[in-house]
Number of protein chains: 2
Amino acid sequence: MTKQPTRAGMELSQTQRTLPIALLRAREAVMDYFRPLLAEHDVTEQQWRVMRVLDELGTVDASFLARQACILAPSLTRIMRTLEARGFVEVSRDSSDGRRTLVCLSKEGSQFIRKLAPASAKIYQDIESKIGSERIGTLLDEIEILLEALSPEK
Amino acid sequence: MTKQPTRAGMELSQTQRTLPIALLRAREAVMDYFRPLLAEHDVTEQQWRVMRVLDELGTVDASFLARQACILAPSLTRIMRTLEARGFVEVSRDSSDGRRTLVCLSKEGSQFIRKLAPASAKIYQDIESKIGSERIGTLLDEIEILLEALSPEK
DNA sequence: CAGAATAATTTAACATGTTAAGTAAATAAT
DNA sequence: ATTATTTACTTAACATGTTAAATTATTCTG
């Protein structure tokens with residue numbers, strides 16, 4: 001845990017001490033625990049993320065969903081097609097703005113989420129047992145602060 | 001910054017309070033600052049990451065490089081082809097193990113890194129000015145601890 | 001109200017992510 | 001030593017990431 005000094009000049013930091021790579025490696029390390037579950041149930045990471053956000057938010061338009069799930073609009077278009085074909089989401093037009101696509105989870109989609117929830121929570125507990133739930137809480141707090149500080153509207 | 005209680009049962013957390021999504025959103029927020037620079041110089045995020053790791057490690061075999069850069073082997077195969085065509089990396093065979101591909105930065109690749117370093121460091125400083133370098137240091141420390149705790153060899 | 005500008009989404013094209021299968025070299029087991 | 005297994009990498013196929021252009025609906029301007 002040796003701290004590197006802040007770069008005074010214009011040098012690059014060790015990759016381990018840069019936010020983009022450190023955050024990526026951390027996420028990969030965490031996802032390694034979840035991927036077997038997703039693969040077992042034939043959903044991609046992105047499809048699962050879209051469904052998790054819909055479960056949380058209810059009916060939303062495509063742009064907002066894309067932002068929340070960190071998925072670009074063109075990817076979301078294809079993902080929605082897949083999820084709709086599988087009966088997991090329902091798509092409609094916004095009656096007050098014909099440009100917008102509204103999306104929500106279907107009953108089947110909601111059931112699918114709830115079917116995987118116990119296994120997902122169990123994996124999360126396994127991770128918590130290795131890191132400590134307190135430390136995870138701290139990390140999530142720090143990330144919330146970072147997101148607030150970097151949000152574009154500031 | 002209201003803390004959620006640890007899930008006692010089998011419910012899913014708010015997406016904001018899950019490591020996979022929180023880490024992803026944080027990384028996207030950070031990368032939004034770097035992407036214009038990379039686009040301006042016609043390198044993808046992954047190509048740049050490969051070069052950053054090579055700059056740090058010197059000559060390494062493809063498997064190790066893939067792990068360090070969080071890139072899967074098939075993607076790396078294609079990325080190496082692109083970077084080699086552009087003259088940024090040099091590829092050779094390991095004489096003591098004919099299966100292994102060895103890779104290192106070329107002189108041009110090294111120059112390219114150094115050419116972008118100042119702008120990259122400046123962007124990093126801009127981010128630091130919004131979050132605080134101390135807080136970033138704490139976050140990076142927490143991530144190092146997480147990576148150590150989740151490393152498979154434990 | 002008509003035409004211009006803007007906005008939300010989709011399509012297209014290429015790079016990468018991901019899994020499975022294939023190839024070649026090294027190692028292990030008879 | 002020959003065969004089988006393992007290892008490192010590549011190829012193939014499809015999903016997603018990414019940018020630019022196209023499409024359709026809305027809003028702005030005159």
Side-chain angles (χ1 to χ4, degrees), chain A residues 20-21 24-25 27-28 31-32 34-51 53 59-86 88-89 91-103, chain B residues 20-21 24-25 27-28 31-32 34-51 53 59-86 88-89 91-103:
Chain A
I21 291 184
L24 178 58
R25 287 177 181 161
R27 183 167 195 277
E28 290 300 309
M31 285 309 300
D32 282 343
F34 284 101
R35 290 202 177 96
L37 175 65
L38 300 181
E40 191 182 346
H41 294 274
D42 283 300
V43 276
T44 67
E45 208 179 297
Q46 293 83 350
Q47 291 165 3
W48 177 250
R49 209 159 64 233
V50 164
M51 293 177 73
V53 170
T59 300
V60 293
D61 66 277
S63 298
F64 187 65
L65 175 55
R67 270 194 304 280
Q68 293 300 309
C70 295
I71 287 173
L72 294 179
S75 297
L76 186 58
T77 296
R78 291 172 300 209
I79 291 171
M80 299 301 281
R81 212 173 284 151
T82 305
L83 290 178
E84 195 180 12
R86 198 163 164 185
F88 284 173
V89 302
V91 177
S92 56
R93 287 255 142 228
D94 186 334
S95 57
S96 70
D97 186 340
R99 295 168 301 183
R100 290 183 187 280
T101 303
L102 297 178
V103 198
Chain B
I21 290 183
L24 177 59
R25 288 178 180 161
R27 183 166 193 279
E28 290 300 309
M31 286 309 301
D32 281 344
F34 285 100
R35 290 202 177 98
L37 175 65
L38 300 181
E40 191 181 347
H41 293 275
D42 283 299
V43 278
T44 66
E45 206 178 301
Q46 292 84 353
Q47 291 165 3
W48 176 250
R49 208 159 65 232
V50 164
M51 295 177 73
V53 170
T59 300
V60 294
D61 66 276
S63 298
F64 187 65
L65 174 56
R67 268 193 306 280
Q68 294 300 309
C70 296
I71 287 173
L72 294 179
S75 295
L76 187 57
T77 295
R78 291 172 299 205
I79 291 170
M80 299 302 281
R81 210 173 288 149
T82 305
L83 289 178
E84 195 180 13
R86 199 163 165 184
F88 284 172
V89 302
V91 176
S92 58
R93 289 252 141 230
D94 186 333
S95 57
S96 70
D97 186 341
R99 296 168 301 182
R100 290 182 188 277
T101 303
L102 297 178
V103 198

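Throughout, a chain's letter reflects where its sequence line sits, starting with A, and its residues are numbered from 1. As the structure is a computational prediction, the values presented were derived from the model and not from experiment.
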> Could you say whether A:Cys70 or A:Gly98 is positioned toward the 5' end of DNA chain D, judged by the nucleotide with the nearest heavy atom to each?
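In this pair, the answer is A:Cys70.
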> Closest approach of A:Leu76 and A:Ala62, non-hydrogen atoms and distance?
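Shortest heavy-atom separation between A:Leu76 and A:Ala62 comes out as CD2-O, 3.3 Å.
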> Side-chain contact, heavy-atom cut-off 4.5 Å: B:Arg93 with B:Leu102?
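Counting from C-beta outward, B:Arg93 and B:Leu102 never come under 4.5 Å.
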> Just to be sure I understand the rule, does B:Thr101 reach a base, reach only the sugar-phosphate, or reach nothing, if contact means heavy atoms closer than 4.0 Å?
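Sugar-phosphate, no base atom in range.
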> Compare the minimum distances between each of D:dT10, C:dT16, D:dA15 and the side chain of B:Thr82, then state the nucleotide with the smallest one.
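Of the candidates, C:dT16 comes closest.
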> Tell me: CZ of B:Arg49 to C1' of C:dA15, nearest whole Å?
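Answer to the nearest Å: 13 Å.
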> B:Met31 CE to D:dT19 P: how many Å, rounded?
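So the two atoms are 10 Å apart, to the nearest Å.
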> Starting at atom CG of A:Leu65, determine the distance to atom P of D:dT16, rounded to an integer number of angstrom.
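Taking CG of A:Leu65 and P of D:dT16, I get 13 Å after rounding.
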> Do A:Arg99 side-chain and D:dT24 base share a donor-acceptor contact under 3.5 Å?
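No such pair is found, so the answer is no.
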> Round to a whole Å and report the spacing from CE of B:Met80 to P of C:dT16.
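Nearest whole value for this atom pair: 12 Å.
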> Please figure out whether A:Arg100 or A:Arg78 has its closest DNA chain C nucleotide nearer the 5' end.
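Looking at the nearest nucleotide for each, A:Arg100 comes out on the 5' side.
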> Closest heavy-atom contact between A:Val50 and A:Ile79?
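Looks like CG2-CG2, 4.2 Å.
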> Name the closest nucleotide to the A:Ile79 side chain, picking from D:dT16, C:dT11, C:dA26.
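From the listed options, D:dT16 comes nearest.
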> Taking atom C1' of D:dT19 as reference, at what distance in whole Å does atom CD1 of A:Ile71 sit?
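Distance check: A:Ile71 CD1 to D:dT19 C1' gives 17 Å.
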> Between D:dT16, C:dT16, D:dT18, which nucleotide has the shortest distance from any of its atoms to the side chain of B:Arg35?
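Nearest to the side-chain atoms of B:Arg35, counting from C-beta on, is D:dT18.
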> Output the rounded distance in Å from CG (B:Leu72) to P (D:dT16).
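That distance rounds to 15 Å.
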> Measure CG/B:Asp97 against C1'/D:dT6 and give the value in whole Å, please.
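Those two atoms, CG and C1', are 12 Å apart.
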> Establish, with yes or no, whether the OP1 or OP2 oxygen of C:dA15 is under 4.0 angstrom from a side-chain nitrogen or oxygen of B:Thr44.
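No, no such contact exists.
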> Do the side-chain N or O atoms of B:Arg81 get closer than 4.0 angstrom to the phosphate oxygens (OP1, OP2) of D:dT11?
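Yes, such a contact exists.
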> Is any side-chain N or O of B:Gln46 closer than 4.0 Å to OP1 or OP2 of D:dG17?
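It does not, given that no N or O in the side chain of B:Gln46 lies less than 4.0 Å from OP1 or OP2 of D:dG17.
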> Taking the nucleotide of DNA chain D with the closest heavy atom to each, which residue, A:Leu76 or A:Ser95, is nearer the 5' end?
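On the 5' side of the pair lies A:Leu76.
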> Would you mind classifying the nucleic acid contact of A:Ala73 as base, sugar-phosphate or nothing, using non-hydrogen atoms under 4.0 angstrom?
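The answer is base, as A:Ala73 lies within the cut-off (heavy atoms under 4.0 Å) of a base atom.
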> Main chain of B:Val60, side chain of B:Arg100: is a donor-acceptor contact present, judged purely on distance under 3.5 Å?
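No; judged by distance alone, with no hydrogens or angles, the pair does not exist.
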> Just by distance, do the side chain of A:Arg27 and the backbone of B:Ile21 share a donor-acceptor pair under 3.5 Å?
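Such a contact is absent between A:Arg27 side chain and B:Ile21 backbone.
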> Find the distance B:Asp42:CG to D:dT18:P and express it as a whole number of Å.
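The distance from CG of B:Asp42 to P of D:dT18 comes to 16 Å, rounded to the nearest Å.
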> From the options C:dA15, C:dT18, D:dT11, select the nucleotide whose nearest atom is closest to the side chain of A:Glu45.
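Selected nucleotide: C:dT18.
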> Are B:Arg35 and B:Glu28 packed together at the side-chain level, in the sense that at least one heavy-atom pair is separated by less than 4.5 angstrom?
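Yes, side chains in contact.
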